[in-house]
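The structure appears right after this line, and notes come after that.
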Amino acid sequence: MRRRQLLDAARQSVVQHGLARTTLATVAAEAGLSQGVAVFYFKSKNGLLAETLRAQYDHYAQTWASALQAAAKDPRAQLVALLEADFAPHVCDADALALWFAFWGEQKFTPQYAEIAAEFDTERNAIIRQICRALFTSASAEQADCIAEWLDTLTDGYWQNLHLHPSKFTPAEGLARTKQLMEELIRTYG
């Protein structure tokens, strides 16, 4: 329970203060616990932040995996389920986006963050490629892989717009436009 409390507090600290100004002290204060408790569970700021990123990815992975499991077994429904999971309110709300971009901006300088991202992204990328290969039947495997990459990149771009320009853009618009592209691609390669 305290570990979860500290991870939630770390998330809030990163959202409020950024990665650089998040410390074991700011996290402990946010959690209403002593700094010693934070050290006991995570040993260091880096350990705490790495586990915060891992928890964020776990939450995201559970969201898209549940959506995929609930979807019909045809590839179109599966792709729609993945796209809808990307724009679920708890996946791309202001706090989640602030957290994603804080960590993504540090991957180049903190290899541990890049390793965590790669671990989770590899699985999701393989699944979206598999779905696109099944859905875009007139495309070659390479073309289907490119389509998967385009859709993932488009989602990331909409997340960036939502993060940087929240008053100009909504998740519903991002989802609608992404689905629109998917339908155009189906007409071309389906």
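Note: the hydrophobic cluster containing Leu7 does not contain Val14 (ILVMFWY, side chain heavy atoms under 4.5 Å, direct or indirect links). Cluster membership for Ile116 and Leu48, using ILVMFWY side-chain heavy atoms within less than 4.5 angstrom, is not shared. Taken together through direct or relayed side-chain contacts under 4.5 Å among Ile, Leu, Val, Met, Phe, Trp and Tyr, Ile131 and Phe136 form part of one hydrophobic cluster. Residues Ile128 and Leu181 share a hydrophobic cluster, clusters being chains of Ile/Leu/Val/Met/Phe/Trp/Tyr side chains in contact below 4.5 Å. Residues Leu79 and Leu154 fall within the same hydrophobic cluster, defined by Ile, Leu, Val, Met, Phe, Trp and Tyr side chains chained together at heavy-atom separations under 4.5 Å.
Residues meeting the side-chain hydrogen bond (donor to acceptor under 3.5 Å, both in side chains) test with Glu123, sequence neighbours left out: none. Annotation: salt bridge (Lys or Arg N to Asp or Glu O under 4.0 Å) contacts of Glu184 (sequence neighbours excluded): Arg187. For Gln78, there are no side-chain hydrogen bond (donor to acceptor under 3.5 Å, both in side chains) partners two or more places apart in sequence or in a different chain. For the side chain to side chain contact (heavy atoms under 4.5 Å, CB included) test, no residue two or more places apart in sequence or in another chain qualifies with Gln130. Looking at residues two or more places apart in sequence or on another chain, you find no salt bridge (Lys or Arg N to Asp or Glu O under 4.0 Å) involving Lys43. Among residues two or more places apart in sequence or in another chain, the side chain to side chain contact (heavy atoms under 4.5 Å, CB included) test is passed with Gln5 by Arg2, Ala31, Leu33. Every residue two or more places apart in sequence or in another chain that forms a side chain to side chain contact (heavy atoms under 4.5 Å, CB included) with Ala72 is listed here: Asp74, Ala77. Partners of Thr178 by side-chain hydrogen bond (donor to acceptor under 3.5 Å, both in side chains), not counting sequence neighbours: none found.
When every heavy atom of Ala85 is checked against every heavy atom of Val91, the shortest pair comes out as O-CG2, 3.5 Å. Taking both residues in full, the closest heavy atoms of Gly190 and Thr137 are given as C-OG1, 3.5 Å, listed atom of the first, atom of the second, then distance. The two residues Ala139 and Ala144 make their nearest non-hydrogen contact at CB-N, 4.1 Å. For Leu19 against Tyr113, the heavy-atom pair with the smallest separation is CD1-CE1, 4.3 Å. When all heavy atoms of Val27 and Ala9 are compared, the closest pair comes out as O-CB, 3.4 Å. Across every non-hydrogen atom of Leu162 and Pro171, the tightest pair is CD2-N, 3.5 Å.
Sorted by first then second residue, the ring pair (Phe, Tyr, Trp, His ring centres under 6.0 Å) pairs that include residues 8-43, not counting sequence neighbours, number zero. Legend: side chain to side chain donor-acceptor pair (under 3.5 Å) pairs involving residues 19-35, not counting sequence neighbours, sorted by first then second residue: Ser13-Thr22, Ser13-Thr26. Contacts classified as ring pair (Phe, Tyr, Trp, His ring centres under 6.0 Å) and involving residues 168-190 (residues at least two apart or in different chains) are given here: Tyr158-Phe169.
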Acceptor/donor pairs from residues 53-67 side chains to any protein atom, 3.5 angstrom cut, sequence neighbours excluded:
residue	atom	partner	partner atom	Å
Arg54	NH1	Glu119	OE1	3.1
Arg54	NH1	Glu119	OE2	3.3
Gln56	OE1	Arg11	NE	3.4
Tyr57	OH	Trp104	NE1	3.1
Tyr60	OH	Asp86	OD1	2.4
Tyr60	OH	Arg124	NE	3.0
Thr63	OG1	His59	O	2.9
Thr63	OG1	His90	NE2	3.0
Ser66	OG	Gln62	O	2.9

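At least one donor-acceptor pair closer than 3.5 Å links the side chain of Lys45 to the backbone N or O of Ala20.
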Worksheet item: Can you list the steps and then say if Gln112 with Glu106 is a side-chain contact (heavy atoms from CB on, under 4.5 Å)?
Response: CA-CA 10 Å; Gln112 189 175 9; Glu106 288 296 314; over 6 Å; no
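Note that the CG atom of Leu83 and the CG atom of Asp152 stand 9.0 Å from one another [nearest 0.5 Å]. Atom CD1 in Ile186 sits 11.0 Å away from atom OG in Ser138 (nearest 0.5 Å).
Dense packing is recorded around CD of Gln16, with more than 12 heavy atoms of other residues, nucleotides or ligands lying under 6.0 Å away.
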